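Chain letters run A, B, ... following the sequence lines, proteins first and then strands; every chain starts at 1. The structure presented is a predicted model; accordingly, all values stated were derived computationally and were not measured.
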Number of protein chains: 2
Amino acid sequence: IIEVNNLEKEYKLGKVSVPALKGVNTKIYSGEFVAIMGPSGSGKSTLMHILGCLDTATAGDYFLNGEEVSKMKKNQLAAIRNKEIGFVFQTFNLLPHLNISKNVELPLMYAGMHKSERKKQAVKVLQEVGLGNRLQHKPNELSGGQRQRVAIARAIINNPSIILADEPTGNLDTTSGNDILSIFTELNKLGHTIVMVTHDPVVAKKASRVVYIVDGLIKDGAVD
Amino acid sequence: IIEVNNLEKEYKLGKVSVPALKGVNTKIYSGEFVAIMGPSGSGKSTLMHILGCLDTATAGDYFLNGEEVSKMKKNQLAAIRNKEIGFVFQTFNLLPHLNISKNVELPLMYAGMHKSERKKQAVKVLQEVGLGNRLQHKPNELSGGQRQRVAIARAIINNPSIILADEPTGNLDTTSGNDILSIFTELNKLGHTIVMVTHDPVVAKKASRVVYIVDGLIKDGAVD
Ligand SMILES: Nc1ncnc2c1ncn2[C@@H]1O[C@H](COP(=O)(O)OP(=O)(O)OP(=O)(O)O)[C@@H](O)[C@H]1O
Ligand SMILES: Nc1ncnc2c1ncn2[C@@H]1O[C@H](COP(=O)(O)OP(=O)(O)OP(=O)(O)O)[C@@H](O)[C@H]1O
Ligand SMILES: [Mg+2]
Ligand SMILES: [Mg+2]
């Protein structure tokens, strides 16, 4: 379902260039639950953004469901991002001027769902992540872990076939973190493919396998 | 050094009010290393902001070094914030338009330090947190864990007597997290008082004791 070959990503800052990914090769099959681990700054979020069609590689290929992503047109990419991929950002990226119910409805708006049905789905998924009593709050009226849970709710609301979660439990206590993991495990049982960056070895154990990224490359075996 | 009695904090959102702290009593002695744990949304960051003189309580007292904080004048509070307290925010709060070297120099600018000496100190502390090769980067040109480390560097650069760290390792892999903990343990050995919110039981073990906050109140014994 996801195949990257020799993926490279170089950030240019004036004259300096930062090689964040140096030739990553990996395959992720439909229905897998893969954890990605590695040191801070090793390239995990960079890879996730490319997989989520939010950024483009400097070199190498990315095949999504057999199609070469770099050859896709803009509207085709946008359609994939909105319908097939749910993305939980490491920095949440919620809209500050909307309450969390409206924040979470956004993917359903893109899907053309009617207002009353969208609101119903938003309430349902926010209750699922334990925020049913915070529907009117804006993101800056919530705790760090509550914002993280809103980001998770928004990523899963339109039932995407692929969920890309970048450190979804980094701001959560053990119990809330376990609740989120159960949600992901349930979705995985229903056939959703999950790729999750995590720093927590306990969380990584819930995945079917772990991919390690060190200094822009995939390494075999456990590191850290 | 820190004493709060019956501390309450209520957030008002239109007609609704959220009681984030419901009567917190605690004492922290000079030179202690205290971990604060508790479920997401339980009031930890709210307490930290009041301790850091960044927010005021709705009721109750806060004595810092024997002085009643709510009776202090604005300039006295600002002086304490800049000279005596280093704060690591859960959301980092870095200035996006400045590179990390300038971001980290800010507390030294308030202290009136000269430019060349400030720059020297900034480089030293950034090297200490492993970012010596990222000095020219702006916060949005860094990974999540790298931003967290810049926030930590900024909090410790002017050698504050009290360090308040709100989940300082939430975005770090185990190794980087241990490096940060060693920095805090070293500072504690030198006499700095450290209050650290964490969700990680391994991190909490490094503290001399753990305070648990559940639903706006301090609870005895382990929870989660
Ligand atoms: N916009 C950018 N410009 C320049 N360099 C960047 C940019 N974004 C990231 N980098 C660099 O690329 C490298 C990889 O960053 P990335 O965010 O992928 O790391 P990560 O593995 O997600 O780290 P963490 O675990 O800390 O979140 C880092 O060394 C970082 O400094
Ligand atoms: N500005 C605000 N307005 C209204 N309610 C708020 C505001 N800030 C926080 N809250 C609420 O106060 C409660 C405590 O928030 P706080 O940020 O202290 O939690 P926390 O213990 O730090 O949680 P986490 O572990 O998720 O970071 C939460 O239930 C939150 O929804
Ligand atoms: Mg990252
Ligand atoms: Mg918090």
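Contact count against chain B (heavy-atom pairs under 4.5 Å) is highest for A/Asn171 among A/Asn178, A/Val18, A/Asn171. Ranked by heavy-atom pairs under 4.5 Å with chain B, the first of A/Lys44, A/Lys138, A/Arg134, A/Glu141 is A/Glu141.
Counting non-hydrogen atoms of other residues, nucleotides and ligands closer than 6.0 Å to OH of A/Tyr110 gives a total of 12 or fewer.
With values rounded to the nearest 0.5 angstrom, B/Lys15 atom NZ is found 11.0 Å from A/Gln136 atom CD. Going from atom CG of A/Leu13 over to atom NE2 of B/His137 covers 4.5 Å, rounded to the nearest 0.5 Å. Taken to the nearest 0.5 Å, the CG atom of A/Leu172 stands 6.5 Å off from the NE2 atom of B/His199. How far CG of B/Asp173 is from OG1 of A/Thr198: 11.0 Å, rounded to the nearest 0.5 Å.
Heavy atoms closer than 4.5 Å to chain B are found nowhere in A/Val16, neither backbone nor side chain. Only the side chain of A/Thr91 comes within contact range of chain B, with at least one heavy atom under 4.5 Å from a heavy atom of that chain. If you measure heavy-atom distances from B/Ser45 to chain A, you find no contacts under 4.5 Å at all.
In this structure the side chain of B/Ser143 reaches within 4.5 angstrom of the side chain of A/Ser40, judged on heavy atoms.
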